[in-house]
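One structure is given below, encoded as structure tokens.
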Amino acid sequence: MESGGNSLPSGSDGVKRKVSYFYDPEVGNYYYGQGHPMKPHRIRMTHALLAHYGLLQHMQVLKPAPAKDRDLCKFHADDYVDFLRGITPEAQQDQLRQLKRFNVGEDCPVFDGLYSFCQTYAGGSVGGAVKLNHGVCDIAINWAGGLHHAKKCEASGFCYVNDIVLAILELLKVHERVLYVDIDIHHGDGVEEAFYATDRVMTVSFHKFGDYFPGTGDIRDIGYGKGKYYSLNVPLDDGIDDESYMSLFKPIMGKVMEVFRPGAVVLQCGADSLSGDRLGCFNLSIKGHAECVKYMRSFNVPLLMLGGGGYTIRNVARCWCYETGVALGMELENKMPQHEYYEYFGPDYTLHVAPSNMENKNFRDLLDDIRSKLLDNLSKLQHAPSVPFQERPPDTELHQVVLRDEDQDDKDERWGPDSDTELDDYSNPVPGRVKREYIEVDRNDSGSYNKHLDRGRDFDMPFKENASSKVPVVVPMAVDEPSIKEEQDISKDVSDQRLR
């Protein structure tokens, strides 16, 4: 393993980043049900690869504190959160009306520990945002997050709670502008809808468009009111390969970064856009997918990396392991180290897989037309829109409580080969132990983010939707402090089916 394989050409800062990585050892135990394609087990497989490639030693490894009810209600409706908290597999037959109302039951089934699962993955994403806001790290990673379809009042597309929206709300307390980029094969509809009428969040989604879930994300969907031209949609067809994808991604995202100048970037790294995904139809290699991460990393802007879709789980683990290496500026060997899930990766036992020979239906003329339309939309934007000064929302204070072994006495050695890192229950682990950290919230109006004192602002959000129209109704809502708190537990294991 060589340091700097994916690093930047800008000196020492280009080679290394401080990375905070959120992982709960219980997350792989959640089970959507027999035949369901969403498998949280892929997060555990990813973690095993990170451990045996030796990457955990180079990151701050944290156990997320589960989000509380009030934290989820920063975006989601109170009655929806109450429903998620109370519903169980045994009780669902008595709540058929509520199940239908909140779109829970088929693609989004009720399973043991559902609410704890939501609290865990949301806690990791908001925790990552808090870390970035405090300048504790340059990049925060939560592979359990990225569930971009969840809406204010309903579940959708295997997603129950929209951890991305909650994390962006946290980032907006410190940063005037936040950029959201989505490379999942499905349109990032839940995040786009939440921020459709604001110029403080730009959403950019690269996705399959046509007769495909969720059916939204037309190139003509550009935002509304104040948010006009702050939603970008890149509709793609079957079989897109690395070269075609990059011919759009780099010029579009380069222009976005130039014009919008975000203070922080949230990158949803859904791996169902990889070649061979059981629900996908793109033809990206792992290196092609990771090139998006490498490119966004190159701007030296605080970066939150999240998971998302991905249903051929051995390839999901490969991809997110490799992209963690990209975040760290470390190139990983293709030959996979022995580990407890080694048999999943046969017969080649390599990190990379070759793309298929499927037809690329994204013809050059079509790609050129998409690129020119989107660049034209970007040319209509005011450069880096300013935010009128308002009363700042209270800061989320960061109090660290690290559970450590008694023999560990250096509290500050978080990064580097000598840091304390624990690998859950792995046999033959790379030396070290995982730091389990809980982020506690103190509601305090005195500005704790001193270096950002005059940047965070109050924020009006279009979170309610007009029943008779797709155009959101603008409802003033101050960005209160999404927060994360203590601990809880979980349940069950993994399996297969149901197309979105």
Side-chain angles (χ1 to χ4, degrees), residues 148 164-165 168 171-172 175-209 216-237 240 243-269 273 291-304 362-388 457 459 461-462 470-472:
H148 57 173
I164 305 170
V165 172
I168 291 173
L171 290 168
L172 284 168
H175 303 285
E176 291 183 355
R177 294 173 299 280
V178 175
L179 171 64
Y180 172 66
V181 186
D182 192 315
I183 59 173
D184 192 291
I185 196 172
H186 300 94
H187 177 231
D189 58 334
V191 185
E192 178 184 280
E193 182 179 299
F195 299 107
Y196 204 63
T198 178
D199 60 359
R200 286 195 63 195
V201 179
M202 177 174 277
T203 61
V204 187
S205 179
F206 296 78
H207 52 268
K208 158 76 175 171
F209 183 70
T216 52
D218 192 293
I219 195 169
R220 294 169 294 184
D221 296 336
I222 58 174
Y224 174 73
K226 212 166 146 187
K228 188 175 182 182
Y229 300 121
Y230 288 91
S231 289
L232 257 64
N233 285 293
V234 189
L236 304 169
D237 209 340
I240 193 162
E243 182 182 359
S244 297
Y245 202 91
M246 282 304 127
S247 74
L248 292 177
F249 189 88
K250 288 188 174 179
I252 290 169
M253 295 317 305
K255 189 66 174 176
V256 165
M257 294 299 288
E258 175 195 332
V259 173
F260 188 60
R261 290 200 289 138
V265 175
V266 178
L267 178 60
Q268 197 266 22
C269 304
S273 46
E291 187 66 23
C292 300
V293 178
K294 183 178 177 183
Y295 188 67
M296 297 314 298
R297 178 190 189 271
S298 73
F299 292 97
N300 291 317
V301 171
L303 177 63
L304 176 61
N362 299 271
F363 302 114
R364 184 167 295 280
D365 289 350
L366 175 67
L367 296 175
D368 290 346
D369 186 51
I370 291 171
R371 184 171 55 249
S372 65
K373 282 180 179 173
L374 292 174
L375 291 175
D376 182 60
N377 284 353
L378 285 168
S379 72
K380 297 171 184 174
L381 285 180
Q382 170 192 352
H383 270 60
S386 60
V387 180
R457 302 288 185 265
F459 183 48
M461 294 277 300
K470 284 185 67 178
V471 177

| field | Close side-chain approach of K208 to D237, heavy-atom, < 4.5 Å | value | yes
| request: Answer yes or no: is there a side-chain heavy-atom contact under 4.5 Å between L267 and R297? | output: no
| query | Could you walk me through whether L381 and Y230 pass the side-chain contact (heavy atoms from CB on, under 4.5 Å) check? | reply | CA-CA 8 Å; L381 285 180; Y230 288 91; 3.4 Å; yes
| With a 4.5 Å heavy-atom cut-off, do T203 and S231 have their side chains touching? | yes
| said: I want to check something: taking the side chain as every heavy atom from C-beta on, are R177 and R261 in contact at a cut-off of under 4.5 Å? | reply: yes
| task | Determine whether the side chains of D184 and H186 contain a donor N or O and an acceptor N or O closer than 3.5 Å. | result | yes
| message | side-chain contact (heavy atoms from CB on, under 4.5 Å), that's the test. Do K228 and K380 meet it? Break it down for me. | response | CA-CA 10 Å; K228 188 175 182 182; K380 297 171 184 174; over 6 Å; no
| query | So do I219 and N377 actually touch side chain to side chain, heavy atoms under 4.5 Å? | reply | no
| task | Would you please name every residue forming a side chain to side chain contact (heavy atoms under 4.5 Å, CB included) with V301, sequence neighbours left out? | result | M257, V265, F299
| request: Answer yes if the side chains of T216 and H187 hold a donor-acceptor pair under 3.5 Å, and no otherwise. | output: yes
| request: Under the salt bridge (charged side-chain N to carboxylate O under 4.0 Å, His left out) rule, collect the residues that match up with K255, sequence neighbours excluded. | output: E258
| said: With a 4.5 Å cut-off on side-chain heavy atoms, are V256 and V181 touching? | reply: no
| query | Between atom CG of L303 and atom CG of N300, what is the distance when rounded to the nearest 0.5 Å? | reply | 10.5 Å
| message | What's the separation between atom CD1 in I168 and atom CG in L172, rounded to the nearest 0.5 Å? | response | 7.5 Å
| field | Rounded distance [0.5 Å steps], CG in D368 versus CG in L248 | value | 8.5 Å
| request: Could you please spell out the steps behind the side-chain contact (heavy atoms from CB on, under 4.5 Å) verdict for N233 and E192? | output: CA-CA 10 Å; N233 285 293; E192 178 184 280; 2.8 Å; yes
| Check: Y180 ring centroid to F195 ring centroid under 6.0 Å | no
| message | Checking K373 now: which residues fulfil side chain to side chain donor-acceptor pair (under 3.5 Å) with it, not counting sequence neighbours? | response | D369
| How long is the gap from CG on L304 to CG on L179, to the nearest 0.5 Å? | 12.0 Å
| task | Hey, can you tell me if H207 and F209 have their rings parallel, tilted or perpendicular (30° and 60° cut-offs)? | result | perpendicular
| Is the Y245 ring parallel, tilted or perpendicular to the F206 ring (thresholds 30°, 60°)? | tilted
| Can you find a pair of side-chain heavy atoms, one from Q268 and one from V191, that are under 4.5 Å apart? | no
| What is the distance from atom CG of L232 to atom CE of M253, rounded to the nearest 0.5 Å? | 8.0 Å
| field | Heavy-atom neighbours of R371 CZ exceed 12 at 6.0 Å | value | yes
